[in-house]
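I have placed the structure first, in the form of structure tokens, so that the comments after it can refer back to it.
Side chains are part of it too, since the values below use all heavy atoms of this structure and drop only hydrogens, waters and symmetry mates.
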Amino acid sequence: MERLAEIFANDSYGIDSVYRLVIQPKSILREFRTAKHGFLFIIRGAVRISVNGTIYELQPGSVFHAAPDMQMEARVTSESELEYYSVFYRLDKSCAENSDHECNAHFRLEPEAIPRIIELLTTLHLNAHTPGGMGKLRVKELFLSIMYQVLVGHKNRERRSSPNIDVIEEAIAYIKGNYMNLLTLEELAGLHAMTSKSFSYFFYKYTGSRPIDFVIQHRMERACELLKTGNFPISDIAVSVGYGNPLYFSRAFKKRFGVSPSAYANQLNNHNN
């Protein structure tokens, strides 16, 4: 996912065309060869696609990608109509000719049916033929917003099915970068598309600490560093590590280390002298 994100954030490409199509139930699209790079975004209905011999079963929310010169056929498998958007784009020549480039492959993403993606696709379709530089910029902005939602949705779905150490490492990095702000278990779990119970379980499994205990521990370690490096007022240190109430901070510090912040600072000064 990160590599795809880097490609669409940094590589040179342009949006060629955007279509909204509705296909009747049981329709069959006979074998043909693809001509462009493109994505299919399934809105409703279901379709079975074969590309270079690989079968994909696509449902509402599925996103499918194919590259030029691939052998493809499709069959609508739902009793209802198949509705989807197709977005075709062109890579620059060096990327298009690189057989190892991630976009010269067929693959499926499963971000689920996210209403925001459908809303963005509708707007993209309406703006696809807007002339001029500003029009092209708007189209690319919408496409990037869609890809961001798709990649985040796909990543979050994978996490819910099998949380791994990478998720917890990201959570730890987030805590260390935001410990000075109000952090709740619900917020931390939500950022990683998990319930509070599941997040707490996996965090404890990988770290040996509950998430909020880890937050408190990191805050106290930062407080110790500040007490060691300068003669700062306790109230300033409290705010710096995420406590608006200095008294509450002092109690938490004493509970963790057995002495108050001021007593800890005095011990440091006596030791240095």
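In terms of heavy atoms, S94 sits closest to D92 at OG-OD1, 3.1 Å. Closest of all the heavy-atom pairs between N98 and N104 is O-ND2, 2.6 Å. Closest heavy-atom contact between R219 and N181: NH2-O, 2.8 Å. Nearest approach of Y243 to A252, heavy atoms of both residues: OH-CB, 4.4 Å. Across all non-hydrogen atoms, the minimal contact from V47 to T77 is N-OG1, 3.7 Å. P211 and L188 make their closest contact through CB-CD1, 4.3 Å (heavy atoms, listed as atom of the first residue, atom of the second, distance).
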- Task: Give the C-alpha distance, both sets of side-chain angles, the deciding distance and a yes or no for ring pair (Phe, Tyr, Trp, His ring centres under 6.0 Å) between F143 and F8.
- Result: CA-CA 9 Å; F143 176 72; F8 289 112; 5.5 Å; yes
- Task: Kindly indicate, with the supporting measurements, whether the criterion side-chain hydrogen bond (donor to acceptor under 3.5 Å, both in side chains) is fulfilled by Y174 and E169.
- Result: CA-CA 9 Å; Y174 183 85; E169 287 178 349; over 6 Å; no
- I would like to know whether H101 and D11 meet side-chain hydrogen bond (donor to acceptor under 3.5 Å, both in side chains); could you show each step before the answer? CA-CA 11 Å; H101 194 281; D11 284 9; 3.2 Å; yes
- Message: Between T207 and S209, is the side-chain hydrogen bond (donor to acceptor under 3.5 Å, both in side chains) condition met? List the steps.
- Response: CA-CA 5 Å; T207 68; S209 298; 4.6 Å; no
- Under the side-chain hydrogen bond (donor to acceptor under 3.5 Å, both in side chains) criterion, do N52 and T54 qualify, and how do the steps go? CA-CA 6 Å; N52 288 354; T54 301; over 6 Å; no
- What do the steps show when you test I23 against E81 for side chain to side chain contact (heavy atoms under 4.5 Å, CB included), and what is the final call? CA-CA 6 Å; I23 309 297; E81 295 175 328; over 6 Å; no
- Message: Could you go through E31 and Q71, starting from their C-alpha distance and side-chain angles, then the distance that decides it, and tell me whether this counts as side chain to side chain contact (heavy atoms under 4.5 Å, CB included)?
- Response: CA-CA 7 Å; E31 191 172 274; Q71 194 170 332; 2.6 Å; yes
- Item | Intermediate values then yes/no, salt bridge (Lys or Arg N to Asp or Glu O under 4.0 Å), K228 and E225 | CA-CA 5 Å; K228 290 176 183 177; E225 291 174 11; over 6 Å; no
- Message: For Q59 and I42: C-alpha separation, side-chain torsions, deciding distance, then whether side chain to side chain contact (heavy atoms under 4.5 Å, CB included) applies.
- Response: CA-CA 6 Å; Q59 308 289 336; I42 309 302; 5.9 Å; no
- Given the rule in the side chain to side chain contact (heavy atoms under 4.5 Å, CB included) test, do F253 and M220 qualify, once you have shown the distances and angles that lead to the verdict? CA-CA 6 Å; F253 190 96; M220 294 302 119; 3.8 Å; yes
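Aromatic ring orientation, H65 versus F107: parallel (interplanar angle below 30°, classes split at 30° and 60°). Ring planes of Y179 and H218: perpendicular class, angle over 60° (limits at 30 and 60°).
For Y85 and Y19, the ring centers are positioned 6.0 Å apart or more. Between F39 and F64, the distance separating the two ring centers is not shorter than 6.0 angstrom. Annotation: F41 is not in aromatic contact with Y84 [ring centroid separation under 6.0 Å not met].
Note on V18: it does not cluster hydrophobically with L21, by side-chain heavy-atom contacts below 4.5 Å among ILVMFWY residues. L183 and Y204 sit in two unconnected hydrophobic clusters of ILVMFWY residues. Membership requires side-chain heavy atoms under 4.5 Å apart, directly or through other members. A continuous path of ILVMFWY side-chain contacts below 4.5 Å connects V241 to I172, so both sit in one hydrophobic cluster. Both F214 and Y201 are members of a single hydrophobic cluster when ILVMFWY side chains are connected at heavy-atom separations under 4.5 Å. Residues I234 and L226 are members of one and the same hydrophobic cluster, defined by side-chain heavy-atom contacts under 4.5 angstrom among Ile, Leu, Val, Met, Phe, Trp and Tyr.
Between I15 and K136 there is no side-chain heavy-atom pair separated by less than 4.5 Å. Side-chain contact between V76 and K26 is absent, with no heavy-atom pair separated by less than 4.5 Å. No side-chain heavy atom of M70 sits under 4.5 Å from any side-chain heavy atom of R33. A heavy-atom distance below 4.5 Å is found between the side chains of V22 and R44. I7 places a side-chain heavy atom less than 4.5 Å from the side chain of C103. Counting heavy atoms from C-beta on, the side chains of P25 and E79 never come closer than 4.5 Å. The closest side-chain heavy-atom distance from P111 to I117 is below 4.5 Å. Between R30 and E73 there is no side-chain heavy-atom pair separated by less than 4.5 Å.
Geometrically, K140 engages Y13 in a cation-pi contact, judged by NZ or CZ lying under 6.0 Å from the ring centre and within 45° of the ring axis. The cationic atom of R108 (NZ for Lys, CZ for Arg) does not lie both less than 6.0 Å from the six-membered ring centre of Y56 and within 45° of the ring axis.
Cluster partners of L137: none. The rule joins Ile, Leu, Val, Met, Phe, Trp and Tyr whenever side-chain heavy atoms lie under 4.5 Å apart, and it links nothing here.
A 6.0 Å sphere centred on CZ of R251 holds no more than 12 heavy atoms belonging to other residues, nucleotides or ligands. More than 12 heavy atoms of other residues, nucleotides or ligands sit less than 6.0 Å from atom CZ of F257. More than 12 heavy atoms of other shown residues, nucleotides or ligands fall within 6.0 angstrom of atom OH in Y89. Residue K254 qualifies as open at atom NZ: its count of foreign heavy atoms under 6.0 Å is 12 or below. Annotation for R75: atom CZ does not count as buried by contact number, only 12 or fewer foreign heavy atoms lying within 6.0 Å. F32 CZ: more than 12 foreign heavy atoms inside a 6.0 Å radius.
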